[in-house]
> 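Pasting a structure here, questions to come.
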Amino acid sequence: MMRKRTGIVFKAHRLKIHPEYFQPVLDGIKLFEIRKNDRNFQVGDFATLNEYNPDTKEFTGRTISVRISYMTDFMQHEGYVVLGLKID
């Protein structure tokens, strides 16, 4: 999915996130994600974080929309990035 803003096209990503990481994002405490960059993330892209319980292998139904506000691969494993998040 793509969104346009002032002539620039941003991608929209749908991502799984475990409950222990989801709640701090929801609370505004954890404003970053470390992810494999297999989706060519870009600053300005949108992401819907879908809470996923790995024990039950089911989605909980809780989601949050964020925008990627910053990105770096500094000191990360090959192919991984740190994404700065801004809650939409």
Side-chain angles (χ1 to χ4, degrees):
M1 182 176 193
M2 303 253 188
R3 289 186 180 180
K4 278 192 173 190
R5 187 175 199 190
T6 62
I8 300 170
V9 177
F10 297 109
K11 288 187 228 161
H13 307 277
R14 300 178 83 188
L15 305 171
K16 289 181 186 176
I17 183 171
H18 291 190
E20 64 266 28
Y21 305 119
F22 180 85
Q23 190 62 52
V25 172
L26 189 65
D27 293 340
I29 298 167
K30 181 179 176 284
L31 300 176
F32 67 92
E33 273 291 298
I34 298 173
R35 294 283 176 155
K36 184 172 186 176
N37 195 10
D38 57 355
R39 298 165 184 252
N40 193 28
F41 294 112
Q42 299 292 319
V43 170
D45 286 354
F46 297 90
T48 300
L49 304 179
N50 300 285
E51 187 180 38
Y52 179 79
N53 186 323
D55 297 328
T56 62
K57 298 186 181 354
E58 294 181 344
F59 290 96
T60 67
R62 298 197 317 162
T63 65
I64 187 168
S65 295
V66 298
R67 179 182 286 247
I68 298 172
S69 59
Y70 181 80
M71 192 168 94
T72 183
D73 61 359
F74 181 74
M75 298 294 289
Q76 297 302 301
H77 290 286
E78 180 73 29
Y80 282 78
V81 291
V82 178
L83 305 174
L85 306 178
K86 183 174 183 202
I87 297 173
D88 253 4

> Using the salt bridge (Lys or Arg N to Asp or Glu O under 4.0 Å) criterion, which residues pair with K30? Sequence neighbours excluded.
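Checked K30 against salt bridge (Lys or Arg N to Asp or Glu O under 4.0 Å); matches are E33.
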
> Under 4.5 Å between any side-chain heavy atoms of I17 and V25, yes or no?
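Yes. Closest side-chain heavy atoms under 4.5 Å.
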
> Once side-chain contact (heavy atoms from CB on, under 4.5 Å) is applied, do any residues pair with V43, and if so which ones, sequence neighbours excluded?
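So V43 forms a side-chain contact (heavy atoms from CB on, under 4.5 Å) with M71.
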
> Under a single-linkage definition using a 4.5 Å side-chain heavy-atom cutoff for Ile, Leu, Val, Met, Phe, Trp and Tyr, are I64 and L85 assigned to the same hydrophobic cluster?
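I64 and L85: one cluster.
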
> Verify the neighbour count for atom CD of E78: are there more than 12 heavy atoms of other residues, nucleotides or ligands below 6.0 Å?
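It does not: E78 CD has 12 such atoms or fewer within range.
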
> Indicate, with yes or no, if I68 and F32 share a hydrophobic cluster defined by side-chain heavy-atom contacts under 4.5 Å among Ile, Leu, Val, Met, Phe, Trp and Tyr.
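Per the 4.5 Å side-chain linkage, F32 and I68 are not co-clustered.
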
> Excluding sequence neighbours, so at least two apart, what forms side-chain contact (heavy atoms from CB on, under 4.5 Å) with D38?
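Counting only residues at least two positions away or on another chain, D38 forms a side-chain contact (heavy atoms from CB on, under 4.5 Å) with K36.
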
> Is there a path from V9 to V66 through hydrophobic residues (I, L, V, M, F, W, Y) whose side chains come within less than 4.5 Å of each other?
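Shared cluster, no.
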
> L15 versus R39: any side-chain heavy-atom pair under 4.5 Å?
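The answer is yes, as the side chains (C-beta and beyond) meet within the 4.5 Å cut-off.
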
> Locate the shortest heavy-atom distance separating P19 from P54; write the atom from each residue and the value.
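It is CD-CD, 4.1 Å.
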
> With side chains defined as the heavy atoms from C-beta onward, is the minimum distance between Q76 and N37 less than 4.5 Å?
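Contact flag for Q76/N37 side chains = no.
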
> Could you work out, with ring pair (Phe, Tyr, Trp, His ring centres under 6.0 Å) as the rule, every residue matching F22, not counting sequence neighbours?
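With sequence neighbours excluded, F22 shows a ring pair (Phe, Tyr, Trp, His ring centres under 6.0 Å) to no residue whatsoever.
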
> If the condition is side-chain contact (heavy atoms from CB on, under 4.5 Å), which residues does S69 pass it with, not counting sequence neighbours?
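For S69 the side-chain contact (heavy atoms from CB on, under 4.5 Å) partners, ignoring immediate neighbours, are K86.
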
> Once salt bridge (Lys or Arg N to Asp or Glu O under 4.0 Å) is applied, do any residues pair with R14, and if so which ones, sequence neighbours excluded?
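If we apply the salt bridge (Lys or Arg N to Asp or Glu O under 4.0 Å) test to R14, skipping adjacent residues, there are no hits.
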
> Run the ring pair (Phe, Tyr, Trp, His ring centres under 6.0 Å) test against Y80 and tell me which residues pass, sequence neighbours left out.
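Ring pair (Phe, Tyr, Trp, His ring centres under 6.0 Å) check on Y80 returns nothing, list empty.
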
> Enumerate the ring-ring contact (aromatic ring centres under 6.0 Å, His included) contacts for residues 51-77, please, sequence neighbours excluded, ordered by first and then second residue.
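Sorted result for residues 51-77: Y52-F59.
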
> Any link between L83 and L26 through a network of hydrophobic side chains (Ile, Leu, Val, Met, Phe, Trp, Tyr) touching at under 4.5 Å?
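Shared cluster, yes.
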
> How far apart are the closest heavy atoms of V81 and D73, and which atoms are they?
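Answer, listing the atom of V81 first, then D73: CG1-CB, 4.1 Å.
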
> Test of understanding: with side-chain contact (heavy atoms from CB on, under 4.5 Å), list the residues that count as partners of D27, not counting sequence neighbours.
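Checked D27 against side-chain contact (heavy atoms from CB on, under 4.5 Å); matches are Q23, I29.
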
> Where is the tightest heavy-atom contact between S65 and T48, given as atom of each residue plus distance?
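The answer is OG-OG1, 4.0 Å.
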
> I need the full list of salt bridge (charged side-chain N to carboxylate O under 4.0 Å, His left out) pairs touching residues 55-64, with sequence neighbours left out, sorted by first then second residue.
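Listed once each, the pairs are E51-R62.
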
